[in-house]
Amino acid sequence: MQLLLHQPLAILVIDPDRAEAEAWSIRMEGYGGPAQPSPTIGQCLNGGLGWLEVECNRCKTRASLPLDAIRRPRDTPIWKLEASLKCRSCRKGRHASPVRMIKLTAAREITPYKWVHPDEER
């Protein structure tokens with residue numbers, strides 16, 4: 001590998017928080033797990049990966065969740081969130097299907113659906 005001398009040294013150094021978060025994200029997306037060990041919420045945010053993509057086990061609806069809006073301490077591992085995440089699309093009464101974590105992203109990849117009033121033409 002040839003090293004270009006005009007590149008700043010900061011580009012050549014890998015951020016450890018981002019490296020761990022990306023490694024976990026690749027492991028989850030490519031192989032489906034294991035979810036443990038996982039980076040913490042704080043490591044993901046420090047590494048620039050602030051969105052968690054999840055998928056419902058039942059209806060296969062996908063959603064992107066902002067990690068900075070999750071009300072947990074920053075030292076909480078990502079895998080501990082999975083038990084508390086439930087699908088809103090296929091909820092029936094008190095029962096809601098669990099979701100599985102797909103990957104971490106730097107920006108929202110799944111846009112929320114645009115709400116249209118029933119009286120308006122689509």
Side-chain angles (χ1 to χ4, degrees):
M1 181 168 113
Q2 184 179 4
L3 182 66
L4 299 176
L5 297 176
H6 65 275
Q7 290 181 339
L9 189 58
I11 292 175
L12 302 176
V13 177
I14 297 174
D15 180 24
D17 289 339
R18 180 156 186 121
E20 184 175 351
E22 283 183 350
W24 182 84
S25 184
I26 290 168
R27 198 169 57 237
M28 290 300 292
E29 185 178 19
Y31 305 112
Q36 297 177 20
S38 69
T40 64
I41 294 173
Q43 286 175 321
C44 295
L45 292 173
N46 289 341
L49 298 173
W51 293 84
L52 175 65
E53 188 174 316
V54 296
E55 179 183 61
C56 175
N57 290 336
R58 183 171 164 227
C59 69
K60 304 301 181 199
T61 300
R62 286 190 172 208
S64 288
L65 308 173
L67 289 177
D68 58 352
I70 294 176
R71 296 180 298 196
R72 295 282 190 277
R74 296 288 185 233
D75 62 345
T76 304
I78 295 292
W79 69 267
K80 287 192 174 185
L81 300 176
E82 193 169 28
S84 62
L85 298 174
K86 304 292 180 196
C87 180
R88 289 183 179 177
S89 297
C90 63
R91 177 178 15 201
K92 292 183 179 173
R94 293 181 60 190
H95 176 72
S97 295
V99 300
R100 68 181 187 95
M101 297 180 285
I102 304 291
K103 64 181 177 178
L104 293 165
T105 58
R108 174 183 276 181
E109 290 189 0
I110 299 174
T111 57
Y113 64 90
K114 182 182 176 191
W115 187 79
V116 180
H117 193 276
D119 294 338
E120 293 177 10
E121 190 173 317
R122 294 179 186 204

Participant: Within the distance-only criterion (no hydrogens, no angle test), does the side chain of S64 pair as donor or acceptor with the backbone N or O of R108 below 3.5 angstrom?
Facilitator: no

Participant: A quick test of your reading: do over 12 heavy atoms of other residues, nucleotides or ligands sit less than 6.0 Å from NZ of K60?
Facilitator: yes

Participant: Taking only residues two or more places apart in sequence, or in another chain, which ones meet A96 in a side chain to side chain contact (heavy atoms under 4.5 Å, CB included)?
Facilitator: K86, R91

Participant: Could you measure the distance from the CZ atom of R58 to the NE2 atom of H95? Nearest 0.5 Å is fine.
Facilitator: 6.5 Å

Participant: What residue pairs, at least two apart or across chains, pass salt bridge (charged side-chain N to carboxylate O under 4.0 Å, His left out) with a residue in residues 65-83?
Facilitator: none

Participant: Quick check: do L52 and L85 have side-chain heavy atoms less than 4.5 Å from each other?
Facilitator: yes

Participant: Could you name each residue pair satisfying salt bridge (charged side-chain N to carboxylate O under 4.0 Å, His left out) that touches residues 38-49, not counting sequence neighbours?
Facilitator: none

Participant: Under the side chain to side chain contact (heavy atoms under 4.5 Å, CB included) test, which residues partner Q43, sequence neighbours left out?
Facilitator: D17, E20, P39, T40

Participant: Just wondering, do C87 and V99 contact through their side chains at under 4.5 Å, heavy atoms?
Facilitator: yes

Participant: According to salt bridge (charged side-chain N to carboxylate O under 4.0 Å, His left out), who are the partners of E55, at least two apart in sequence or on a separate chain?
Facilitator: R62, R100

Participant: Do L67 and L49 belong together in a cluster built from hydrophobic side chains that touch within less than 4.5 Å?
Facilitator: yes

Participant: Ignoring hydrogens and geometry, is there a side-chain-to-backbone donor-acceptor pair from W79 to P37 under 3.5 Å?
Facilitator: no

Participant: Quick check: closest heavy atoms across A35 and S38, and the distance to 0.1 Å?
Facilitator: O-CB, 3.2 Å

Participant: Over all heavy atoms of both residues, which pair between P34 and M28 is shortest? Give the atoms and the distance, please.
Facilitator: O-SD, 3.8 Å

Participant: Rounded to the nearest 0.5 Å, what separates atom CZ in R88 from atom OG in S97?
Facilitator: 14.5 Å

Participant: Start with the C-alpha distance between T76 and I70, add both sets of side-chain angles, then the distance that settles side chain to side chain contact (heavy atoms under 4.5 Å, CB included), and finish with yes or no.
Facilitator: CA-CA 10 Å; T76 304; I70 294 176; over 6 Å; no

Participant: What verdict does the side chain to side chain contact (heavy atoms under 4.5 Å, CB included) test give for V54 and L81, after you've listed the backbone C-alpha separation in whole Å, the side-chain angles of each residue and the deciding distance to 0.1 Å?
Facilitator: CA-CA 11 Å; V54 296; L81 300 176; over 6 Å; no

Participant: Please, which pairs that meet salt bridge (charged side-chain N to carboxylate O under 4.0 Å, His left out) have at least one residue in residues 24-43, sequence neighbours excluded?
Facilitator: E29-K103

Participant: Using the rule that Ile, Leu, Val, Met, Phe, Trp and Tyr join whenever any side-chain heavy atoms are under 4.5 Å apart, tell me whether W24 and I41 fall into a single cluster.
Facilitator: yes

Participant: Applying a strict under-4.5 Å side-chain criterion to I, L, V, M, F, W and Y, I'd like to know whether L104 and L65 cluster together.
Facilitator: yes

